[in-house]
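Right, one structure below, let's go through it.
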Amino acid sequence: MAMMNRMRRKRDLGIVGRTARWYDRNTREHRLDEMRGYARQVAAQIGEGARVLEIAPGPGYLAIELAKLGHYAITGMDISPDFVAIARRNAGKEGVAVDFREGNVAAMPFADGAFDFIICTAAFKNFRDPQKALGEMHRVLAPGGTAQIVDMNRDVTNAQIDALTRQMGVKGLEELFLKVTFKYFLRRGAYNQAELKELAAQTAFRDCSIAAESVGLTVHLRKQAERATRPAPGPPRAA
């Protein structure tokens with residue numbers, strides 16, 4: 001675990017400029033079905049009017065697709081001002097209401113218990129201080145709320161990465177770029193199941209459930225609901 005932590009960035013950095021614009025275009029062209037799938041997963045776990053936070057939404061497509069599925073109060077928070085601007089523009093084009101704002105997962109600008117559900121995809125491995133990130137997720141969740149993290153599995157094989165890029169339909173230099181990125185950059189910074197379990201155990205969540213699929217892991221963390229307290233018994237009644 002210590003070796004993995006040394007590979008993290010020294011500080012949280014956002015994707016900006018040309019790279020942010022490329023990420024927006026690539027997501028729109030190759031990952032919209034994936035974003036819609038995540039949106040359906042979230043919608044299946046929440047009720048009407050739920051307060052949902054997406055951490056590191058990038059260009060905002062998951063939150064936008066979720067907004068199309070029901071009446072929810074959706075917030076997207078990203079450290080990159082360029083992504084916030086792109087996401088707001090994308091939401092405007094789709095005619096949906098999502099509150100995209102700038103912020104850092106290590107010190108989120110939200111009140112305690114502000115959200116019923118949190119979703120974070122493809123970003124957790126990039127957080128400089130994952131324990132602090134989990135602590136902040138726990139803080140801003142309402143009692144009984146759930147956080148869902150979807151990210152790359154460090155134990156994924158090269159064959160699984162090759163299959164994913166074929167599935168995405170990319171070709172030529174873009175295919176080569178994605179394979180190199182997955183194999184030599186993203187995978188090195190990712191966590192495996194045991195490491196995620198260890199991280200959760202060191203936070204107020206205490207535990208998590210993890211499912212593996214394709215090259216990724218889906219992690220669910222639940223904030224314990226508050227227990228109802230019984231009133232103290234009064235004095236005995238006179239006979």
Side-chain angles (χ1 to χ4, degrees), residues 7-9 12-42 52-69 74-96 98 100-105 119-127 148-154 156-191 213-218:
M7 296 175 66
R8 299 291 181 271
R9 293 177 175 177
D12 292 313
L13 297 173
I15 297 174
V16 296
R18 183 179 300 177
T19 304
R21 293 191 295 273
W22 172 87
Y23 196 96
D24 175 39
R25 185 182 69 253
N26 181 72
T27 303
R28 184 172 59 252
E29 293 176 355
H30 301 297
R31 300 184 62 204
L32 264 186
D33 285 345
E34 180 185 353
M35 297 300 106
R36 289 166 179 155
Y38 291 145
R40 289 192 294 268
Q41 287 180 20
V42 174
V52 180
L53 170 65
E54 183 181 5
I55 295 174
Y61 291 105
L62 192 163
I64 290 168
E65 292 301 318
L66 179 62
K68 297 176 183 178
L69 298 179
I74 306 173
T75 301
M77 185 201 72
D78 204 287
I79 197 172
S80 164
D82 288 6
F83 267 154
V84 172
I86 290 170
R88 288 173 177 171
R89 185 165 60 247
N90 289 338
K93 290 178 181 178
E94 294 296 322
V96 297
V98 179
F100 289 110
R101 61 176 71 181
E102 189 176 346
N104 190 326
V105 68
I119 178 73
C120 177
T121 66
F124 187 78
K125 63 182 170 298
N126 301 322
F127 297 152
Q148 178 177 327
I149 297 170
V150 183
D151 216 320
M152 194 170 186
N153 181 358
R154 187 164 62 86
V156 71
T157 66
N158 286 342
Q160 288 174 302
I161 292 174
D162 292 342
L164 175 65
T165 54
R166 286 195 300 270
Q167 182 182 341
M168 292 174 67
V170 292
K171 302 291 183 182
L173 289 177
E174 190 169 19
E175 179 184 14
L176 177 62
F177 172 77
L178 285 176
K179 286 183 178 181
V180 170
T181 300
F182 278 125
K183 293 177 182 179
Y184 302 105
F185 294 97
L186 300 183
R187 181 169 56 186
R188 290 182 179 182
Y191 299 95
E213 182 179 358
S214 182
V215 303
L217 298 172
T218 299

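Below, each value reflects all heavy atoms present in this structure, side chains not excepted, and no hydrogens, waters or symmetry copies. Source: prediction; values computed, not measured.
Applying the side-chain hydrogen bond (donor to acceptor under 3.5 Å, both in side chains) test to every pair with at least one member in residues 86-95, sequence neighbours left out, gives these pairs: Asp24-Asn90, Tyr61-Asn90, Lys68-Glu94.
Taking every heavy atom of both residues into account, Met77 and Asn104 meet most closely at CE-C, 3.8 Å. Contact record, Thr27 with Pro59: OG1-CG, 4.1 Å, taken as the closest heavy-atom pair. The minimum heavy-atom distance between Ala122 and Asn126, with the atom names listed, is O-ND2, 3.8 Å. Across Ala190 and Arg154, no two heavy atoms sit closer than the pair O-CD, 3.1 Å. The shortest non-hydrogen separation linking Ser80 to Gly14 is CB-CA, 4.0 Å. Contact detail for Ala87 and Gly58: the closest heavy-atom pair is CB-O, 3.7 Å.
In this structure, CD1 on Ile64 lies 11.0 Å from CZ on Arg36, to the nearest 0.5 angstrom. For the atom pair CG of Asp82 and OG1 of Thr19, the computed distance is 10.0 Å after rounding to the nearest 0.5 Å. With rounding to the nearest 0.5 Å, the separation of CG in Leu62 from CD1 in Ile119 is 6.0 Å. To the nearest 0.5 Å, atoms CD1 (Ile86) and CZ (Arg25) are separated by 11.0 Å. Taking CD1 of Ile79 as the start and CZ of Phe127 as the end, the distance is 9.0 Å to the nearest 0.5 Å.
Ring planes of Phe124 and Tyr191: tilted class, angle from 30 to 60°.
For the pair Arg101/Thr75, a side-chain contact is recorded, criterion being any heavy-atom separation below 4.5 Å from C-beta on. Between Glu54 and Thr121 there is a side-chain heavy-atom pair separated by less than 4.5 Å.
Under the ring pair (Phe, Tyr, Trp, His ring centres under 6.0 Å) criterion, Tyr38 pairs with no residue at all, not counting sequence neighbours.
Judged by distance alone, the side chain of Asp78 and the main-chain N or O of Phe83 form no donor-acceptor pair under 3.5 Å. Counting only distance, with no hydrogens or angles, the side chain of Asp151 and the backbone of Leu217 share no donor-acceptor pair below 3.5 Å.
Annotation: Glu29, atom CD; neighbour count of heavy atoms from other residues, nucleotides and ligands within 6.0 Å is above 12.
Each of Asn158, Asn153, Thr157 was compared with Arg187 under the side chain to side chain donor-acceptor pair (under 3.5 Å) criterion, and only Asn158 meets it.
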